[in-house]
Structures are given as C-alpha cells and as structure tokens.
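Worksheet: the structure to be examined is printed underneath.
Heavy-atom basis, side chains included; hydrogens, waters and symmetry copies ignored.
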Amino acid sequence: STQETDENLEKVQASKAEDFVEWIPNNIKSSVIDVAPVDANISATFITNTTALKAMFQRLASQFSALYKRKAFLHWYKGEGMDEMEFQEADKNVVDLITEYQDKQDATVDGDEDEDM
C-alpha cells in the first residue's frame, strides 16, 4: 500500500540520515503502481541521487585502476577500435565525479558565514 511504502521510506531515511543533506528535506519521492509486471507478483524500482553514491564510484574507480594497471582485458577493447586514451579519460571523469559528490557532501546551508563578517 502507499502508506506502507511511505512508512518504510521514512524508516530508511531515518536510519541513513547521515547520508542525506539537511538542506533538502523531502529528498525521497515514491510512487505506487497497482499493476504488477506480467512475470512477477511484485516489483520495485528505486532511483536516487545521493552523496552516498560517492562510495560506489570510489569502489568502481579503485577496481578499474587495478585492472587498468595490469592492462587486464585491454586487448579486447583495443581490438574493437578503442584507444587507450579513452580509458584514461574515463578514469579522470570518474575521479572528477567523485570530487563533485564530495563537494556536495561537504556543502552546508551556512556556507556563506565568512561573507557576513
């Protein structure tokens, strides 16, 4: 039910409060569709954009770096026409994304305190 869904989302938000920024009070939205998929009794989709994703991108970047350092699987991609520079650019893009998520996580509502003095 919709009420049960909202209650469970509130529990998640309360238990993971440190992962949410305080200046976006309604940062979880939900919608319930009563028609189940043909091949299942129930299904769910959760789409989020939270600073908690930073840890996932950090893990991805470290795994990618380990594989790239060993040149693992690189020959398959080169054989399909990719250049090695594309891998370096992708790694840089992920590092930039991690930095951006860190900046958002460090942001506060009172970020302009120094300007008032």
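Distance CG/Asn8 to CD/Glu10: 9.5 Å, rounded to 0.5 Å. The distance from atom CD1 of Ile98 to atom CD of Gln58, rounded to the nearest 0.5 Å, is 5.0 Å.
Hydrophobic clustering (side-chain heavy atoms under 4.5 Å, transitive across Ile, Leu, Val, Met, Phe, Trp, Tyr) keeps Val95 apart from Leu97. Follow the hydrophobic side-chain contacts under 4.5 Å out from Met56 and you reach Val94 in the same cluster.
Glu86 contributes a side-chain N or O that, together with a main-chain N or O of Asp83, makes up a donor-acceptor pair within less than 3.5 Å.
Few gaps surround CD on Gln88; more than 12 heavy atoms of other groups in view lie less than 6.0 Å from it. Annotation: Glu4, atom CD; neighbour count of heavy atoms from other residues, nucleotides and ligands within 6.0 Å does not exceed 12.
Ion pairing of Lys71 with Glu84 is present here, as a side-chain N (NZ or NE/NH1/NH2) and a carboxylate O approach within less than 4.0 Å.
Ring pair Tyr68/Phe87 is parallel by interplanar angle, where below 30° counts as parallel and above 60° as perpendicular.
Between Asp91 and Phe64 the shortest side-chain heavy-atom distance falls below 4.5 Å.
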